[in-house]
Amino acid sequence: MAAVPEFPDSAEPPQLGPPGAGPAVRVRGLRMAYGTHEVLSGVDFDVRQGEVVCLLGPNGAGKTTTIEVLEGFRLPSAGSVEVLGVDPARGDDAWRARIGVVLQSWRDHPRWTPRRLLGYLGGYYEPYSTPERTHPWEVEDLLSTVGLTEEADRKIATLSGGRRRRLDVAVGLIGRPELLFLDEPTAGFDPQARRDFHDLVHRLSDLEGTSILLTTHDLGEAERLADRILILTDGRIVAHGSAAALTRQVAGTSEVRWVRDGEQFVHATDEIVPFVRRLLEQHGDELTDLEVRRADLEDTYIAMVQRFESRPQRHLAEVAR
Amino acid sequence: MSASRQAVRQGLRRGWTEFVQSLRSPQDQGFYLFIGVVTLAVLWFNRDNEVGETGLLYPTFALPSILGGLLTFGLVIGPGYSLAMEREDGTLLRHKALPHGMEGYVTGQLTLQSLTLLPSLLVVLVPSLLLFDGVMPGGAGSWLAVLGLIVLGMLATMPWGMVLGSVVPGVQKMGTWGMLPVLLITAISGIVVPIQAMWGWVQAVAQVFPVYWIGLGLRSAFLPPEAVVGELGDSWRTGPMLLVLGAWAVAGLVVAPRVLRRMARRQSGSTVEAARETALQWVR
């Protein structure tokens, strides 16, 4: 397998949290195998305190498995994992009180109302309240933060899918966590809900200093939310960096399309200007159409996923190019 | 306050909230109504039948047993169903993500199921007292003994309901794993039909399980002493009854926490997701 390209991260976020504190998440050599099937084959990354990191990858890439290991819901086959300085497999309840998990719920607590459920779940965090960081989050405040004030006293069974997901986010936040895990948080959101959610993530990170690790297969989302993107495919991180840095990496490969004598041509090149100059010199007036498209993050992503996915696909992808 | 005690308090709060919600739910009201109507119909149509050599009318003889049967059924199937359901819908996972959440969850479940016993027994007991003469003839002492027996019966059955809910592969399998065996055992345990009507080996099987002994205990508390001729060996066998129920209780309290912990360890978002997929695909 090709060497993993390292992308310099030009826009590093300021280090929040106490100076000298370790990363919120530290993963080294994480492996996960079910029988002979290897889901994760050596994953390394950090999430710094106060950072928003997005784990991006196609379905089945191992995103959910990674998050579940970090949440302490699953034991890894090998590797070392530290979440807030603790191995999740050994995390006690005080540790658990410091992290928030946004679950993709389904139909639990149908007879409860959002207000009652949040009040109830929040009660578990009361013993962990300190003068510096009060727990849990005040319910009214949280309801308005996620935009559920109007539905606060409706039965959860009657909430729409989007409203339920807001409630899921609120449940993950009720303990005012230092670190928040979100697995595909916006699946099933309409565009407005998605935008509201993105604003919420920014607020959490800016105002509360919450470190956030989220998974998505939506590129736009990763680009909008994350300080740093990790591309996970085929059980390993194939690239990481800010959206801008990742795009720059492959920005060279652009696509030139033109039409000559009613026939369409496509050419991928790293050197747009010399190529177009030659094209014009060669064909001149015979060209009836010309289009140059610079690769964006989506192309970057697709290219990387194809390159690293499985051997036969990789072969095909290269032939196609 | 310690976080653990706080979690138990939260669990009590949860159990009470869910109990009140259940009482208000038309679905659950319908269930209680169904139990009440079916049981009362059986008693009503047999109201003039005398039972064997006891000389007692059927409602008098059967009511204590039926209450025992309802208790066992409710306390095994109730938590079994809840747990299987809440493993699948993510309730359990939510609690796993909380500090001391599983302690709270289990407390909540025990609270809810214990409280639920009240309406499911009262819905049969109260109309029976009004409709039939001479049922539950015992005095205050009998009622006290009943209370003790109910508590012992809860200890002997509820942990096994939790075990059932932990090991059943999914809520769709509750019928074959839970309902069927429990109904079978109840059917042979002398609840509706006196146990003497069964073959010898069936009687032996029935006496392994707590249902028979809870029924026997309740009969011994409520029926007049001469009714003992209707029992196996013409004896209330109070000693063996306490022993068998005690053994089930101790075994349950030893086994259930282990099974629950093992089940909880395996809970993750993927298991909930897999359950959702299964639920969408009933036929396979």
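Keep in mind that the numbers below use all heavy atoms, side chains included, and drop hydrogens, waters and symmetry copies. Proteins get letters first, then strands, A, B, ... in listed order; numbering begins at 1 in each.
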The salt bridge (charged side-chain N to carboxylate O under 4.0 Å, His left out) partner of A:Glu178 among A:Arg133, A:Arg96, A:Arg98 is A:Arg98

| task | Would you please test A:Arg26 and A:Asp87 for salt bridge (Lys or Arg N to Asp or Glu O under 4.0 Å) and show each step? | result | CA-CA 10 Å; A:Arg26 189 171 182 279; A:Asp87 176 356; over 6 Å; no

Checked B:Arg13, B:Met85, B:Glu273 vs chain A; the most non-hydrogen pairs under 4.5 Å come from B:Arg13

inquiry  = Centre-to-centre under 6.0 Å for A:Tyr125 and A:Trp137, is that the case here?
reply    = no

Comparing B:Arg265, B:Glu18, B:Arg14 against chain A, the one with the most heavy-atom pairs below 4.5 Å turns out to be B:Arg14

Okay, A:Arg74 and chain B: the region with an atom under 4.5 Å from a heavy atom over there is side chain

Okay, A:Ile174 and chain B: the region with an atom under 4.5 Å from a heavy atom over there is neither

Okay, B:Glu86 and chain A: the region with an atom under 4.5 Å from a heavy atom over there is neither

Set out, in order, the CA-CA distance, both residues' side-chain angles and the distance that settles salt bridge (Lys or Arg N to Asp or Glu O under 4.0 Å) for A:Arg176 and A:Asp141, then state yes or no.
CA-CA 12 Å; A:Arg176 286 192 68 212; A:Asp141 195 17; over 6 Å; no

Applying a strict 4.5 Å limit to non-hydrogen atoms, the region of A:Trp112 in contact with chain B is both

Can you classify the ring geometry of B:His95 versus A:Tyr120 as parallel (below 30°), tilted (30 to 60°) or perpendicular (above 60°)? tilted

When the 4.5 angstrom heavy-atom criterion is applied to B:Ser4 and chain A, the contacting part is neither

message: Would you call the rings of B:Phe19 and B:Trp16 parallel, tilted or perpendicular, taking 30° and 60° as the class edges?
response: tilted

